[in-house]
Student: 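Before I ask anything, here is the structure I am working with.
All values reported here derive from a predicted model rather than from experimental measurement. Every chain is numbered from 1, with letters handed out A, B, ... down the list of sequences. Excluded from the calculations below are hydrogen atoms, water molecules and symmetry mates; all remaining heavy atoms, backbone and side chain alike, are included.
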Amino acid sequence: MSGFKVVQPGLMTLIQDAGRFGHHRIGLTTGGPLDALAFKWANRLVDNPVNTTALEISFGGLVLLAETDAQIVLAGAQMPLKINGVEQDRWHAHRIKAGDKIEVGFSAQGARAYLAVSGGFQVEHSFSSSATVTREGIGGFTGEKLKQGDYLNCKPPMKHKGYRLPETHRPDYSDNVTLRVITGYQQQAFSDYQKRLFFSSEYKVTDRADRMGYRLAGPEVKPALDGILSEGICHGAIQIPADGQPIVLLNDRQTIGGYPKIGSMIALDTARMAQMLPGSRISFDEISIDDAHNLHCLAHIRFNNTEPEPVD
Amino acid sequence: MNTETNSIRVEIAGENALIIYFGDKTDPRVSSQVQQAVTILETELNGKLIDMVPSYASLLVIYDQLATDHLEVRRCIRELLSKLDNSESSEGNLVILPAYYSTESGPDLEALAQRADLSIEEVIKIHSEMEYRVYAIGFAPGFAYLGEVDARIAAPRLATPRTKVPRGAIAIADRQTAVYPAVSPGGWNLIGLCPTRMFDPKAEPTMPVQVGDRVRFNPISREEFFAQGGELGEIR
């Protein structure tokens, strides 16, 4: 066996690939990384295809023991990375040897970091994906978060390249940001006053913020509808339940639901929101679907055309 | 265009998702249009779709923004609407699900019968005589929303949801009925147990039903229930 022993699993560390797609019709949600950009960078910096299985570490606290030689990288939130007790740069591939101890501390800023290994973690796929969705009990190791004593198999390739992402290209995970929302779904059930209230107010991330959705607290928004016939919920959809407090639905959302929705947050910004801790403040900006489309395509082009620097 | 198609609306759902509303209430004809739309869009947008979520009267279409855009998807939907006119309504498969109805397997059966002013036998007869349609699948993997239950045995959700409902629980909420595919919390009224697995990740197909299928419950005895692999499970 070659791989990594989980010495300490951290608060919530999940096996994730890019997500599970095409199975909504049997009620399966997508799962996958909350911050897709940091996840893709982690894989690219150890020369993996961008959808390779990696670890999503929420808040920190992971300790692994290597039983293989490999390259590893940590991208995303500011969780201090130590290899054999020595602090190492994040967004930077590191060669490790069998016997090395890898420690990911608790985050100073941001909530999710991604640990990728050259060649990827070898995890059996269920429904064409390794993504863990704990609510469904699907993906990863029997649908659960990592536990002490778990063993992460991997087969690092003999020759592999490593890279670092120059600091100018690393995302910043500061709080108090404006997140972009496309109005849609039942938006007509929200009066102009209610929409203005929503787009001009500040909301706080509550402690009921998880992979399913982020519950926000702020001025109550009231639609003219109580509920609707259950319908499909897309990623980023902003549901307004009876208490008027918005819930932004994320990767592990239910596939259908019956609360009115004012619109949806774009994925570039759900990734930013998912890096925020309870108490962070956010506000919303309305954006057209055309602008959202262009931003998505540009972000894709920017990622593909940003060259990381080779290391050793 | 007939009157049904005139009422179809397309709304933006998100940056890469449109939602088609075929109506605004539970109706087998509307549900059948949703099913036809799934089949047609799968062909028309082959390779450009990420996923689709059919539900009671709507279809969420999620597309790949690097392969297409809302303008092309809207055009495909317009073309689809003209095709819907000429299609016959789809008849899904008829799936028979065994049902062990009893106060042992359905702790809310008695209360439901009392509220409806019916005997337990009458509730069972009404529930098992009706042919239901699979309107949507969601809430949890394999959870199929079946409708509509006869108005006489419709029942509101429990004031306090249970923390543990066993796998196979046959339940009623309002005019919907369902079989819990796995142990989960739940607020529906439990009237019996079904020994058929509604969701088995290792099986092919994973589920015995899909949206658009028809379902009827066939009452079975306690002995038959156990003989078919049924388990009572824990209710809390």
Student: Measure distances from A13(B) to the heavy atoms of chain A and classify the residue's part below 4.5 Å as side chain, backbone, both or neither.
Tutor: both
Student: In the structure I gave you, are the side-chain heavy atoms of L229(A) and T26(B) within less than 4.5 Å of one another anywhere?
Tutor: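 Answer yes - side chains close enough.
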Student: Rounded to the nearest 0.5 Å, how far does CG of L18(B) lie from OH of Y21(B)?
Tutor: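 Going from the OH atom of Y21(B) to the CG atom of L18(B) covers 11.0 Å.
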Student: Hey, which of Q254(A), H293(A), H23(A) has the most heavy atom pairs under 4.5 Å with chain B?
Tutor: H293(A)
Student: Are R9(B) and I20(B) close enough that some pair of their side-chain heavy atoms sits under 4.5 Å apart?
Tutor: no
Student: So, H127(B) and T177(B): side-chain donor and acceptor under 3.5 Å apart, yes or no?
Tutor: yes
Student: Find the one option among Q65(B), K202(B), E11(B) whose heavy-atom pairs under 4.5 Å with chain A are most numerous.
Tutor: Q65(B)
Student: Evaluate the side-chain proximity of R162(B) to R236(B): yes if any heavy-atom separation is below 4.5 Å, no if none is.
Tutor: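 SC-SC contact between R236(B) and R162(B) ruled out.
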Student: Any side-chain donor paired with an acceptor under 3.5 Å for Q210(B) and Q35(B)?
Tutor: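 The criterion, which ignores hydrogens and geometry beyond distance, is not satisfied for Q35(B) and Q210(B).
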Student: Top residue by heavy-atom pair count (under 4.5 Å) with chain B, among G184(A), S230(A), C297(A), S126(A)?
Tutor: S230(A)
Student: Can you pull out the residues in residues 130-140 of chain A with any heavy atom less than 4.5 Å from chain B?
Tutor: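 When heavy atoms of chain B are the reference, residues 130-140 of chain A contributes R135(A), E136(A), I138(A) within the under-4.5 Å range.
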Student: What residue, out of A237(A), S288(A), A267(A), G236(A), has the most heavy-atom pairs lying under 4.5 Å from chain B?
Tutor: A267(A)
Student: If we define contacts as heavy-atom pairs under 4.5 Å, which of A182(B), P141(B), G14(B), G138(B) has the most with chain A?
Tutor: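 Answer, by heavy-atom pair count under 4.5 Å with chain A: P141(B).
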Student: Quick one: CD on Q239(A) to CZ on R253(A), what's the gap to the nearest 0.5 Å?
Tutor: 11.5 Å
Student: What part of I19(B) is in contact with chain A, defined as an atom under 4.5 angstrom from a non-hydrogen atom: side chain, backbone, both or neither?
Tutor: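 Just its side chain gets close to chain A.
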Student: Please look at D24(B) and chain A and tell me whether the side chain, the backbone, both or neither of the residue comes under 4.5 angstrom of a heavy atom of that chain.
Tutor: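 For D24(B), the contact with chain A is made by the backbone alone.
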Student: Side chain, backbone, both or neither: which part of Q176(B) has a heavy atom under 4.5 Å from chain A?
Tutor: neither
Student: Output the distance between atom CG (D108(B)) and atom CG (L190(B)), rounded to the nearest 0.5 Å.
Tutor: 5.0 Å
Student: Non-hydrogen atoms of chain A under 4.5 Å away: do they reach the side chain of I12(B), the backbone, both or neither?
Tutor: both
Student: Side chains of S191(A) and K222(A): closer than 4.5 Å at any heavy-atom pair?
Tutor: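 Side-chain contact under 4.5 Å: no.
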Student: Pick whichever of I137(B), D69(B), V53(B) has the most heavy-atom pairs under 4.5 Å with chain A.
Tutor: I137(B)
Student: Roughly how far, to the nearest 0.5 Å, is the OH atom of Y214(A) from the CD1 atom of I247(A)?
Tutor: 14.0 Å
Student: Flag the pair L41(B) / C76(B) as yes when at least one side-chain heavy-atom distance between them is below 4.5 Å, and no otherwise.
Tutor: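 Sidechains of C76(B) and L41(B): in contact.
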Student: Any side-chain heavy-atom pair from L28(A) and T255(A) closer than 4.5 angstrom?
Tutor: no
Student: What part of M52(B) is in contact with chain A, defined as an atom under 4.5 angstrom from a non-hydrogen atom: side chain, backbone, both or neither?
Tutor: both
Student: Below 4.5 Å, heavy-atom pairs only: which of V38(B), L66(B), T206(B) has the largest tally toward chain A?
Tutor: L66(B)
Student: Please check if atom CZ in R302(A) has more than 12 non-hydrogen atoms from other residues, nucleotides or ligands closer than 6.0 Å.
Tutor: no
Student: Under a 4.5 Å cutoff for heavy-atom pairs, which residue among G22(A), G257(A), G263(A) has the most contacts with chain B?
Tutor: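 Of the options given, most contacts go to G22(A).
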